[in-house]
Amino acid sequence: MIELRGITQTYPGKNGPVHALRGVDLSIAAGEVFGIIGRSGAGKSSLVRNINLLNRPTTGQVMVNGKELTTMDDAQLRSARREIGMVFQHFNLLSSRTVFDNAALPLELAGMSKAAIKKRVDPLLDLVGLAALSDRYPAQLSGGQKQRVGIARALTSEPKVLLSDEATSALDPETTRSVLALLKQINKDMGLTVVLITHQMQVVKQIADRVAVMEAGKVVEMGSVIDVFTRP
Ligand code: ADP
Ligand code: ADP
């Protein structure tokens, strides 16, 4: 599904180049919940921008569904990007738009008709438990509800992968558990691959099948959650 081979990412820095990624190999299979965990500065954000195809690595290969990023033309890149739904830490909702209109935004931008948008968004709001709140504004929602809007919005393009970038980091533990349970449900019921980037071990422990541990731009451990977290 997603394969990263020998990814390096080097940024120009004031005091010489910054090596944010120093040779990352990752293979994420269709249908799995894959956790990427590491402390601040480990290179997680740089890796996210490689997985969602917003950044080209300095060296290495990014493959999505067997296609290599560097050989894709712009149209192929756009369509590959649509296969990856993003969920963000700070929700990124527009305060002047209702729950429905926030979730519908990507489809509106894509020029879809109102009727078709409604047909796609209503079931998604249902799925995330917000059907009754579709006319509310973000300011009238709890953090967990805001993130559910973010998840519904990420699903509107019918992606194959849901990429969660610290999506529960701004939430309290109980809300975190319920948002993670929703992601797991989406993984099971819809067969979506879920990739979770986090600095919180409990997130990975609750729902990931496999985990990669990052340190200083490298994957230092990878395996099943049980193996990685029970190893001495
Ligand atoms: P994380 O998300 O795990 O905190 P990042 O990928 O943001 O890690 O950062 C990895 C390293 O690369 C850090 O040392 C960070 O300061 C550096 N870095 C990230 N982005 C840039 C950039 N645009 N320019 C220079 N250095 C960067
Ligand atoms: P996060 O905490 O979400 O990982 P960061 O604070 O690491 O975010 O990075 C936010 C933005 O700043 C990113 O676009 C990243 O590329 C950039 N950035 C991070 N570290 C540096 C740095 N040392 N120099 C320049 N830009 C950086």
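First listed ligand is number 1; within each ligand, the first listed atom is number 1.
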Report yes if P12 has an N/O atom closer than 3.5 Å to an N/O atom of ligand 1; otherwise report no.
no
Atoms in ligand 1 with a heavy atom of A20 nearer than 4.0 Å:
10 (C), 11 (C), 12 (O)
Note: heavy atom closest to atom 9 (O) of ligand 1, options A216, S40, S46, belongs to S46
Consider only side-chain N and O atoms of D165 and Q89, and report whether a donor and an acceptor are under 3.5 Å apart.
no
For ligand 1, is there an N or O atom under 3.5 Å from any N or O atom of G41?
yes
Between E108 and K114 (salt bridge meaning N to carboxylate O under 4.0 Å), is one present in this structure?
no
Just checking, any donor-acceptor pair under 3.5 angstrom between side chains of T8 and T58?
no
Answer yes or no for G13: is there a heavy-atom contact with ligand 1 below 4.0 Å?
no
Residue of the set R39, K44, E166 for which side-chain hydrogen bond (donor to acceptor under 3.5 Å, both in side chains) holds with H199
E166
Report yes or no: does a heavy atom of H19 sit under 4.0 Å from some atom of ligand 1?
no
Examine the proximity of ligand 1 to R39 and report which part, side chain or backbone, both or neither, has a heavy atom under 4.0 Å away.
backbone
OG1 (T156) and CG (L105) are apart, to the nearest 0.5 Å, by 8.5 Å
Taking both backbone and side-chain atoms of A42, is any N or O found less than 3.5 Å from an N or O belonging to ligand 1?
yes
Between E83 and R81, is there a side-chain N and carboxylate O pair less than 4.0 Å apart?
no
